[in-house]
Q: 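Got a structure here, written out as structure tokens. Questions coming.
Start at 1 and go down the list; that is how both ligands and their atoms are numbered. Index from 1, following the sequence.
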Amino acid sequence: VTPVPAVRIDLGARSYEVLIGPGALAETAARVGAATAKAAVLADETVARLHGEAARDALVAAGAVAELFTLPAGERAKELAVVERVCRELARGGWERGDAIVALGGGAATDAAGFAAAVYLRGIRWFALPTTLLAQVDAAIGGKTAVDLPEGKNLVGVFHQPAAVGCDPRFLHTLPPRELRAGLAEVVKAAWIGDAELFAALERDPPLHAGHPALPEVVRRCVAVKAKVVSADERESGPRERLNFGHTLGHAIETEARGRWLHGEAVALGMVAAVRMSVERGLCEAPLLDRLEALLERVGLPTRDPDLDPTALQARLRFDKKRRGGSPAWQLTAGLGVVTVARDLPEGAPLAAVEYLRR
Ligand SMILES: NC(=O)c1ccc[n+]([C@@H]2O[C@H](COP(=O)([O-])OP(=O)(O)OC[C@H]3O[C@@H](n4cnc5c(N)ncnc54)[C@H](O)[C@@H]3O)[C@@H](O)[C@H]2O)c1
Ligand SMILES: [Zn+2]
């Protein structure tokens with residue numbers, strides 16, 4: 001058997017490996033089996049139907065007793081009431097400190113299950129089996145867990161690193177194509193902020209379907225970018241902010257679009273705006289904006305949205321600013337691999353970028 005490629009997340013005593021590629025499910029299950037006799041699989045309902053059995057089989061083959069608990073599909077998993085329900089089920093079932101939680105699903109499921117693992121019995125071990133491209137390259141890496149409140153997304157959460165993460169390409173075959181493309185936005189982001197060679201490889205031959213032979217290597221390189229940033233700044237006091245490239249406006253667009261754009265799609269628009277703002281300020285060469293737009297278009301992501309409402313977006317940015325008690329941080333860029341954070345941009349700067357996106 002060839003070993004499954006791994007990327008190490010270096011965090012002292014909390015270090016762990018992200019296993020990537022064919023065999024990642026079996027290898028992660030083996031680590032669960034080595035760590036504990038009992039595994040509670042907290043799975044996105046849709047994913048449980050598609051991959052629950054394979055996950056359970058792998059855990060049982062590794063010698064662990066595995067029981068499946070379902071979470072509502074997608075973002076609805078991230079309600080405190082869901083975490084309460086699951087924790088009560090675990091309590092009734094006699095699940096203990098030495099047992100483990102295995103999260104199976106997209107970023108919503110890994111966020112919710114990771115949060116449950118962080119708070120149940122003041123924290124038990126957890127493993128992640130991310131099943132969307134976005135979760136494999138981003139959400140399941142780095143130990144941020146959270147649930148939502150009606151007042152906003154991710155308002156209740158905690159840092160709780162998993163013991164291992166398994167990114168198996170087999171999961172991605174059932175992913176709706178639009179979700180795969182949305183994940184590619186975070187791939188482009190990772191390449192832009194930390195891997196210029198990956199960016200060029202994506203321009204040559206982007207992995208547009210789950211069976212693309214380069215996909216595991218693409219995921220590995222994205223995880224490596226995130227690993228480096230997270231290892232340098234586990235709790236987001238500085239360098240980790242660069243991961244928000246494209247996200248300041250992206251979040252505003254996502255919220256204002258009310259479901260019209262997926263997160264990754266809104267981030268694609270946000271990245272175009274961030275590079276455009278950087279070009280306007282003389283930070284970045286204009287041809288790089290053309291390259292970004294061409295790549296996003298090639299992978300089927302939006303680079304323009306004539307329906308954006310500048311007034312609503314400005315109000316949204318102001319609201320976020322108030323809530324965070326400071327000026328919003330804008331991730332600008334001087335080119336591939338160079339992200340700088342600007343805090344005191346004139347209010348008109350993002351507006352000009354929004355006008356650009358509306359063209
Ligand atoms: N913790 C972090 O650092 C971090 C980072 C980025 C995003 N996030 C969070 O991640 C969430 C978004 O994650 P996401 O984009 O993976 O979305 P998601 O988890 O909501 O999943 C998207 C949809 O795909 C379905 N699905 C998942 N895997 C599937 C598969 N293999 N086959 C078929 N269908 C499948 C789900 O049921 C859901 O309907 C957000 O809540 C966001 O806040 C967290
Ligand atoms: Zn994102």
Q: Could you list the atoms of ligand 1 found under 4.0 angstrom from a heavy atom of D111?
A: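 Heavy-atom distances to D111 below 4.0 Å select 1 (N), 2 (C), 8 (N), 9 (C), 43 (O), 44 (C).
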
Q: Answer side chain, backbone, both or neither: which part of V47 comes under 4.0 Å from ligand 1, heavy atoms only.
A: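 Under 4.0 Å from ligand 1, V47 contributes side-chain atoms alone.
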
Q: Side-chain contact, heavy-atom cut-off 4.5 Å: C222 with D138?
A: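 Side chain of C222 against side chain of D138, heavy atoms only: no contact under 4.5 Å found.
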
Q: Which of the listed options, L50, L71, D44, holds the heavy atom that is closest to atom 36 (C) of ligand 1?
A: D44

Q: Of all the non-hydrogen atoms in the protein, which one sits nearest to atom 20 (O) of ligand 1, and at what distance?
A: G74 CA, 3.3 Å

Q: Pick out which of L104, V165, L59, V102 makes a side chain to side chain contact (heavy atoms under 4.5 Å, CB included) with F127.
A: V102

Q: Does any part of the side chain of W126, heavy atoms only, come nearer than 4.5 Å to the side chain of H160, both counted from C-beta?
A: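 The answer is yes, as the side chains (C-beta and beyond) meet within the 4.5 Å cut-off.
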
Q: When you check the side-chain N and O atoms of R304 and Y356, is any donor under 3.5 Å from an acceptor?
A: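 Checked: R304/Y356 side chains pair up, N/O donor to acceptor below 3.5 Å.
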
Q: Taking distance alone, with N or O pairs closer than 3.5 Å, would you say R240 contacts ligand 1?
A: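 Checking ligand 1 against R240, no N or O pair falls under 3.5 Å apart.
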
Q: So is there a nitrogen or oxygen of F171 less than 3.5 Å from a nitrogen or oxygen in ligand 1?
A: yes

Q: Ignoring hydrogens, tell whether any protein atom lies closer than 4.0 Å to atom 25 (C) of ligand 1; use the non-hydrogen atoms only.
A: no

Q: Quick one: does D168's side chain have a donor or acceptor within less than 3.5 Å of a partner on F171's backbone?
A: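 Side chain of D168 to backbone of F171: no pair is present.
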
Q: Does any non-hydrogen side-chain atom of I141 lie less than 4.5 Å from one of V230?
A: no

Q: Given H263, H251, K153, identify the one with the heavy atom nearest to atom 42 (C) of ligand 1.
A: K153

Q: When you look for heavy atoms under 4.0 Å from ligand 1, do you find them on the side chain of T110, its backbone, both, or neither?
A: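 For T110, there is no contact with ligand 1 at all, from either part.
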
Q: Taking both backbone and side-chain atoms of A108, is any N or O found less than 3.5 Å from an N or O belonging to ligand 1?
A: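 Checking ligand 1 against A108, an N or O pair does fall under 3.5 Å apart.
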
Q: Which of the atoms of ligand 1 are close to N154, meaning less than 4.0 Å from one of its heavy atoms?
A: 43 (O)

Q: For E75, is at least one N or O under 3.5 Å away from an N or O on ligand 1?
A: yes

Q: Numbering the atoms of ligand 1 from 1, which are under 4.0 Å from a heavy atom of T46?
A: 37 (O)

Q: Show which atoms of ligand 1 fall inside a sub-4.0 Å distance from at least one heavy-atom site of T132.
A: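 Here the atoms of ligand 1 in question are 14 (P), 16 (O), 21 (O), 27 (C), 28 (N).
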
Q: Report, rounded to 10°, the angle at the Zn ion (ligand 2) between the two atoms NE2 (H263) and NE2 (H247).
A: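 Seen from the Zn ion (ligand 2), NE2 and NE2 are separated by roughly 100°.
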
Q: How far is atom 23 (C) of ligand 1 from its nearest protein heavy atom, and which residue and atom is that?
A: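 The closest one turns out to be E179 OE2, 3.7 Å.
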
Q: Is there a donor-acceptor pair under 3.5 Å between the side chain of T36 and the backbone N or O of V32?
A: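 Not at all, since once roles are kept as given, no pair shorter than 3.5 Å links the two residues.
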
Q: Check step by step if side chain to side chain contact (heavy atoms under 4.5 Å, CB included) holds for D148 and E79.
A: CA-CA 6 Å; D148 305 332; E79 286 177 21; over 6 Å; no

Q: Is T248 reaching over with its side chain to a backbone N or O of F245, donor-acceptor style, under 3.5 angstrom?
A: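 No; zero donor-acceptor contacts below 3.5 Å.
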
Q: Look at atom 14 (P) of ligand 1 and find which of G107, G142, G183 reaches it with the closest heavy atom.
A: G107

Q: What part of T174, side chain, backbone, both or neither, has a heavy atom within less than 4.0 angstrom of ligand 1?
A: both

Q: So, do H173 and H209 sit near enough that their side-chain heavy atoms are less than 4.5 Å apart?
A: no

Q: Classify the contact between E45 and ligand 1 as side chain, backbone, both or neither, using a heavy-atom distance cut-off of under 4.0 Å.
A: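 It is neither part, as no heavy atom is under 4.0 Å.
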
Q: I'd like to check which ligand 1 atoms, numbered from 1 as shown, lie under 4.0 Å from a non-hydrogen atom of A73.
A: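 What qualifies from ligand 1 is 37 (O).
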
Q: Considering only non-hydrogen protein atoms, determine which one is nearest to atom 34 (N) of ligand 1 and report residue, atom name and distance to 0.1 Å.
A: P176 CD, 3.9 Å

Q: Decide side-chain hydrogen bond (donor to acceptor under 3.5 Å, both in side chains) for N154 and K78; before the verdict, give the C-alpha distance in whole Å, the side-chain angles of both, and the deciding distance to 0.1 Å.
A: CA-CA 8 Å; N154 299 323; K78 291 174 63 169; 2.6 Å; yes

Q: Where the side chain of Q331 meets the backbone of V339, is there a donor-acceptor pair that is under 3.5 Å apart?
A: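 Not confirmed, Q331 side chain does not pair with V339 backbone.
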
Q: Say whether H51 and ligand 1 are in contact under the criterion: heavy-atom distance to a ligand atom below 4.0 Å.
A: yes

Q: To which protein heavy atom is atom 15 (O) of ligand 1 closest, and what is the distance rounded to 0.1 Å?
A: L134 CD2, 3.6 Å

Q: To the nearest 0.5 Å, how far apart are CZ in R220 and CG in L215?
A: 13.0 Å

Q: What orientation do H251 and H263 show, parallel under 30°, tilted 30 to 60°, or perpendicular over 60°?
A: tilted

Q: Do any N or O atoms from the side chain of T333 and from the backbone of V338 form a donor-acceptor pair under 3.5 angstrom?
A: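 Yes: the side chain of T333 pairs with the backbone of V338.
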
Q: For ligand 1 and T131, I'd like to know whether there is a polar contact (N/O to N/O, distance under 3.5 Å).
A: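 Right, the criterion is met.
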
Q: Tell me which N, O or S atom from E186 is the closest to the Zn ion (ligand 2).
A: OE2

Q: At a non-hydrogen distance cut-off of under 4.0 Å, which region of K226 contacts ligand 1 (side chain, backbone, both, or neither)?
A: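 Side chain only.
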
Q: With a heavy-atom distance limit of 4.0 Å, tell me whether K78 approaches ligand 1 through its side chain, its backbone, both, or neither.
A: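 The answer is the side chain.
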
Q: Spell out, as yes or no, whether a donor-acceptor pair under 3.5 Å connects the side chain of D99 to the backbone of E96.
A: yes

Q: Tell me the protein heavy atom at minimum distance from atom 7 (C) of ligand 1, and give that distance in Å.
A: A139 CB, 3.6 Å

Q: Under the 3.5 angstrom rule, does the side chain of Y16 hit a backbone N or O of L11 as a donor-acceptor pair?
A: no

Q: Taking only heavy atoms of G106 into account, list the atoms of ligand 1 that are under 4.0 Å away from them.
A: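 Answer for ligand 1: 16 (O), 19 (O).
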
